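Remarks on the structure that follows.
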Protein chains: 2
Amino acid sequence: MSAAISTLDVRQASRFFKALGDETRLRIVALLSHGELCVCHFESALGLSQPNASRQLGVLRSAGIVESRREGSWVYYRLAPQLDGFCKQQLKTLVSAFGRREVLKQDVERLLAARGPDSCR
Amino acid sequence: MSAAISTLDVRQASRFFKALGDETRLRIVALLSHGELCVCHFESALGLSQPNASRQLGVLRSAGIVESRREGSWVYYRLAPQLDGFCKQQLKTLVSAFGRREVLKQDVERLLAARGPDSCR
DNA sequence: GCAGGACATTCGAATATTGTTATGTCGTGA
DNA sequence: TCACGACATAACAATATTCGAATGTCCTGC
């Protein structure tokens, strides 16, 4: 049902697309579609340097795609609820598509191999 | 129904998003969601210089979002059918969202005010 | 063939984005 | 309070993107 899409803020939509127009950030969103993760998870699962992981997450946060919370030493990231109905629908489609992909599944497996999804180390 | 989304080529998806991560190009897609148009239409409706209109259309074409055909002196652009099921779904959502927006409606009205949707001049 | 219109491409300067190295901040545990 | 780990930010060079001006290509009408 597309009735939820009642508005479209062009500026917000372009920011949304721009943030997702990068393979690394798409892979981050793919991992997050399986649940909450902290920065070190992205480093190991995607082979990113620590500053790079942090910055890509910052880009996604600026675009309103992810949000974070601190828990002790760690900062956990999760997909942010979308205020804009259009972005909400797009992100939903994206997340559902991420349930089936091979390459991205390798990322998830690399993540699970390194450590359980809850504990950091 | 999202059953059509059986694959997700991450590289193609990021190219797709990257091309749409720009306000001008989103407005172009908005106009195209109402039908086929030639370059001069974008110039007048969106206030773009000729080289800029051409270039933005080129970006969208490289990403496989639009395709073009020549008719006499004019080159007509239209939305391209999406091969990738994921991009197809995303573009569909985008087009359906463009049916309701105010700002973008101004673009369309500016387009129609300048000239009929079929004749160039 | 020639002139002119419609569009594409090239070039160059300004600006933005990228990844790495170095450094800063914050919370934890001793 | 001090050292350390997790993360963020700054600083930098390399690269990419942006737009306008100039130029090139293709088609049409004469």
Side-chain angles (χ1 to χ4, degrees), chain A residues 10-11 14-28 31-32 36-63 65-78 111 114-121, chain B residues 10-11 14-28 31-32 36-63 65-78 111 114-121:
Chain A
V10 189
R11 198 156 303 173
S14 65
R15 267 193 299 242
F16 178 86
F17 282 130
K18 189 171 188 177
L20 293 177
D22 176 278
E23 266 191 69
T24 299
R25 291 193 290 267
L26 271 185
R27 289 167 77 201
I28 287 176
L31 290 182
L32 285 176
E36 197 179 45
L37 292 170
C38 71
V39 182
C40 65
H41 290 139
F42 301 107
E43 296 178 40
S44 57
L46 303 182
L48 301 176
S49 68
Q50 182 271 315
N52 196 16
S54 181
R55 201 152 39 99
Q56 303 293 2
L57 286 164
V59 171
L60 289 171
R61 183 171 44 195
S62 301
I65 293 172
V66 306
E67 58 189 16
S68 62
R69 70 182 174 86
R70 169 148 233 144
E71 182 172 322
S73 297
W74 301 283
V75 175
Y76 284 88
Y77 283 83
R78 60 175 172 268
L111 169 67
R115 61 188 59 88
D118 295 318
S119 64
C120 262
R121 60 183 57 188
Chain B
V10 189
R11 197 156 305 174
S14 66
R15 266 193 301 243
F16 178 86
F17 282 130
K18 190 171 187 177
L20 294 177
D22 177 278
E23 265 191 73
T24 299
R25 291 193 290 268
L26 272 185
R27 290 168 75 200
I28 288 176
L31 290 182
L32 285 176
E36 197 179 44
L37 293 171
C38 71
V39 182
C40 66
H41 290 142
F42 300 108
E43 296 178 41
S44 56
L46 303 182
L48 302 176
S49 69
Q50 182 272 315
N52 197 17
S54 180
R55 190 146 18 98
Q56 303 295 2
L57 286 163
V59 171
L60 288 171
R61 183 171 45 197
S62 300
I65 294 171
V66 305
E67 59 188 17
S68 60
R69 70 183 174 86
R70 168 147 234 145
E71 183 174 319
S73 298
W74 300 283
V75 175
Y76 284 88
Y77 282 83
R78 59 174 172 268
L111 169 67
R115 62 188 61 89
D118 295 318
S119 64
C120 262
R121 61 183 61 185

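Because the structure is predicted, anything quoted here is derived from the model rather than measured. Just so it is clear: chains get the letters A, B, ... in the order the sequence lines come, proteins before strands, and each one is counted from 1.
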Which nucleotide in the set D:dG20, C:dT21, C:dT9 lies at the smallest distance from any side-chain heavy atom of B:R55?
D:dG20
Any side-chain N or O of A:K18 less than 4.0 Å from the OP1 or OP2 oxygen of C:dT17?
yes
Integer-rounded Å distance: C:dC26 C1' and A:R69 CZ
17 Å
Between D:dA8 (C1') and A:L60 (CG): distance, integer Å:
15 Å
Using a cut-off of strictly less than 4.0 Å, decide whether B:Y76 has a side-chain nitrogen or oxygen near OP1 or OP2 of C:dA6.
no
Using atom CH2 of A:W74 as one end and atom C1' of C:dT25 as the other, report the distance to the nearest whole Å.
17 Å
Does some side-chain heavy atom of A:D22 sit less than 4.5 Å from a side-chain heavy atom of A:V59?
no
Given atom CD of A:E43 and atom P of C:dT20, what is their separation to the nearest angstrom?
12 Å
Walking DNA chain D from its 5' end, the first of A:S68 and B:G72 to be reached, judged by nearest nucleotide, is A:S68
Audit row: B:L31, B:L46, side-chain contact (heavy atoms from CB on, under 4.5 Å) steps and yes/no:
CA-CA 10 Å; B:L31 290 182; B:L46 303 182; 3.9 Å; yes
Under 4.0 Å: is that the gap between some side-chain N or O of A:Q56 and OP1 or OP2 of C:dT17?
no
Under a 4.5 Å cut-off applied to non-hydrogen side-chain atoms, are A:Y77 and A:H41 in contact?
no
To the nearest 0.5 Å, how far apart are NZ in A:K18 and CZ in A:R25?
9.5 Å
If you check every side-chain atom of A:C40, which of D:dC19, C:dA6, D:dC7 has the closest atom?
D:dC7
Along DNA chain C (nearest heavy atom to each residue), the more 5'-positioned of A:E71 and A:N52
A:N52
D:dA6 phosphate, OP1 or OP2: any side-chain N/O from A:Y77 under 4.0 angstrom?
no
Answer yes or no: is there a side-chain heavy-atom contact under 4.5 Å between A:T24 and A:N52?
no
Spacing of B:F42 atom CZ relative to D:dC19 atom P, expressed in whole Å
16 Å
So, does A:S54 get its side chain near the phosphate of D:dA8, meaning an N or O under 4.0 Å from OP1 or OP2?
yes
Considering only heavy side-chain atoms of A:R70, the closest of C:dC26, C:dT9, D:dC19 is C:dC26
Give a yes/no on whether any side-chain N or O of A:S49 is located under 4.0 angstrom from OP1 or OP2 of C:dT20.
yes
Output the distance between atom CG (B:L26) and atom CZ (A:R11), rounded to the nearest 0.5 Å.
12.0 Å
Proximity to the side chain of A:R25 - top-ranked nucleotide from D:dG20, C:dT18, C:dA22
C:dT18
Whole angstrom is fine here: how far is it from CD in A:E23 over to C1' in C:dT18?
14 Å
Hey, is the side chain of B:Q50 pairing donor to acceptor with the base of C:dA8 inside 3.5 Å?
yes
Angle between terminal axes - the helix from C:dG1-D:dC30 to C:dA30-D:dT1, 5 pairs each end, rounded to 10°
20°
Which sits closer to the 5' end of DNA chain C, A:D22 or B:A53, going by the nucleotide each is nearest to?
B:A53
Just how far is it from atom OG of A:S49 to atom CD of A:Q56, taken to the nearest 0.5 Å?
9.0 Å
Taken to the nearest whole Å, NE2/A:H41 to C1'/D:dC7 is 14 Å
4.5 Å side-chain heavy-atom contact, B:F42 and B:L32
yes
Rounding to a whole Å, what distance do you find between B:R61:CZ and C:dT9:C1'?
11 Å
